[in-house]
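To keep things clear, I will list the structure first and then write my remarks on it.
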Amino acid sequence: MVNNQIIDDRTTALSPEDFAALREDLREQLLFRREQLRQLSDAATQADAFLDRHTAAQMEIRVKLAASAGMVLTDVEAALARMDQGTYGTCHLCRRPMAREQLLIVPQARYCTRCRHVRETGR
């Protein structure tokens with residue numbers, strides 16, 4: 001069962017409309033990232049035949065873009081799975097509800113703002 005009543009640190013609940021919009025946003029991101037990875041893969045295959053200094057630099061950029069897109073794709077897939085499991089909107093570290101505003105901005109977020117800051121800064 002999907003948890004549609006997720007409460008953030010300020011007790012602002014995600015409405016069913018918010019939840020549906022977030023799910024749709026995540027699905028769109030999923031499709032976009034898969035297409036992005038496909039295009040990067042196709043471009044890399046074409047470039048293999050014409051390796052020169054310029055193409056090598058482009059290949060390096062493509063590899064970095066593909067790595068980034070792959071990480072986002074993994075996060076999006078995990079967020080959709082959390083929605084299906086009814087755990088969406090709960091911080092992976094402190095297990096508290098995440099802020100509605102944070103989820104509306106970064107729907108695939110795994111950590112609340114406080115825990116994300118602690119992970120990034122070590123404080």
Side-chain angles (χ1 to χ4, degrees):
M1 179 173 184
V2 176
N3 182 358
N4 288 339
Q5 294 299 314
I6 301 166
I7 302 173
D8 75 6
D9 296 332
R10 291 173 296 281
T11 66
T12 303
L14 282 177
S15 70
E17 293 81 13
D18 289 338
F19 194 82
L22 288 166
R23 182 181 291 277
E24 183 60 29
D25 183 31
L26 288 166
R27 285 186 179 142
E28 288 175 12
Q29 285 188 56
L30 183 78
L31 295 174
F32 172 78
R33 294 301 174 178
R34 285 180 176 164
E35 177 62 17
Q36 183 182 29
L37 287 169
R38 187 194 62 73
Q39 289 177 4
L40 288 168
S41 176
D42 289 351
T45 301
Q46 293 169 3
D48 285 345
F50 304 103
L51 276 180
D52 59 21
R53 190 182 321 178
H54 181 69
T55 304
Q58 288 178 336
M59 290 284 289
E60 182 179 347
I61 291 169
R62 282 189 199 99
V63 167
K64 290 180 180 180
L65 284 172
S68 177
M71 288 188 299
V72 174
L73 178 61
T74 299
D75 289 344
V76 168
E77 290 171 337
L80 286 167
R82 289 191 303 276
M83 283 182 160
D84 292 341
Q85 297 162 357
T87 59
Y88 180 78
T90 301
C91 177
H92 280 214
L93 288 179
C94 69
R95 302 291 184 218
R96 293 185 195 147
M98 295 167 57
R100 175 182 180 269
E101 291 78 17
Q102 179 187 6
L103 292 171
L104 293 175
I105 294 168
V106 184
Q108 69 271 21
R110 294 175 187 256
Y111 306 104
C112 67
T113 304
R114 184 180 135 289
C115 289
R116 182 181 50 79
H117 177 74
V118 168
R119 284 180 51 88
E120 290 174 357
T121 64
R123 303 184 238 156

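Position 1 is the first residue of the sequence; numbering continues from there. Keep in mind it's a predicted model, so treat the numbers as computed, not measured. As a basis for the values below, the full set of heavy atoms in this structure was taken, side chains included, without hydrogen atoms, waters or symmetry mates.
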Roughly how far, to the nearest 0.5 Å, is the [atom2] atom of [Y] from the [atom1] atom of [X]?
{"X": "Arg96", "Y": "Cys115", "atom1": "CZ", "atom2": "SG", "result": "7.0 Å"}
{"X": "Arg116", "Y": "Cys91", "atom1": "CZ", "atom2": "SG", "result": "10.5 Å"}
{"X": "Met98", "Y": "Thr90", "atom1": "CE", "atom2": "OG1", "result": "8.5 Å"}
{"X": "Tyr88", "Y": "Leu22", "atom1": "OH", "atom2": "CG", "result": "4.5 Å"}
{"X": "Leu104", "Y": "Leu14", "atom1": "CG", "atom2": "CG", "result": "6.5 Å"}
{"X": "Arg119", "Y": "Leu93", "atom1": "CZ", "atom2": "CG", "result": "6.0 Å"}

Any side-chain heavy atom of [X] sitting closer than 4.5 Å to one from [Y]?
{"X": "Leu30", "Y": "Leu26", "result": "no"}
{"X": "Arg23", "Y": "Asp84", "result": "yes"}
{"X": "Tyr111", "Y": "Val118", "result": "no"}
{"X": "Gln29", "Y": "Pro107", "result": "yes"}

Which heavy atom of [X] sits nearest to which heavy atom of [Y], and what is that distance?
{"X": "Arg62", "Y": "Leu40", "answer": "CG-CD2, 3.7 Å"}
{"X": "Cys112", "Y": "Gln102", "answer": "CA-OE1, 3.5 Å"}
{"X": "Gln36", "Y": "Ala69", "answer": "OE1-CB, 3.2 Å"}
{"X": "Gly89", "Y": "Leu103", "answer": "CA-CD1, 3.8 Å"}

With clusters defined by side-chain heavy atoms of hydrophobic residues (ILVMFWY) lying less than 4.5 Å apart, directly or transitively, does [Y] cluster with [X]?
{"X": "Val76", "Y": "Leu37", "answer": "yes"}
{"X": "Leu65", "Y": "Leu31", "answer": "no"}
{"X": "Leu80", "Y": "Val72", "answer": "yes"}

If you look only at pairs with a residue in residues 66-83, which of them pass as a side-chain hydrogen bond (donor to acceptor under 3.5 Å, both in side chains), with sequence neighbours excluded?
-> Arg34-Glu77, Asp75-Arg110

Under the side-chain contact (heavy atoms from CB on, under 4.5 Å) test, which residues partner Val63, sequence neighbours left out?
-> none

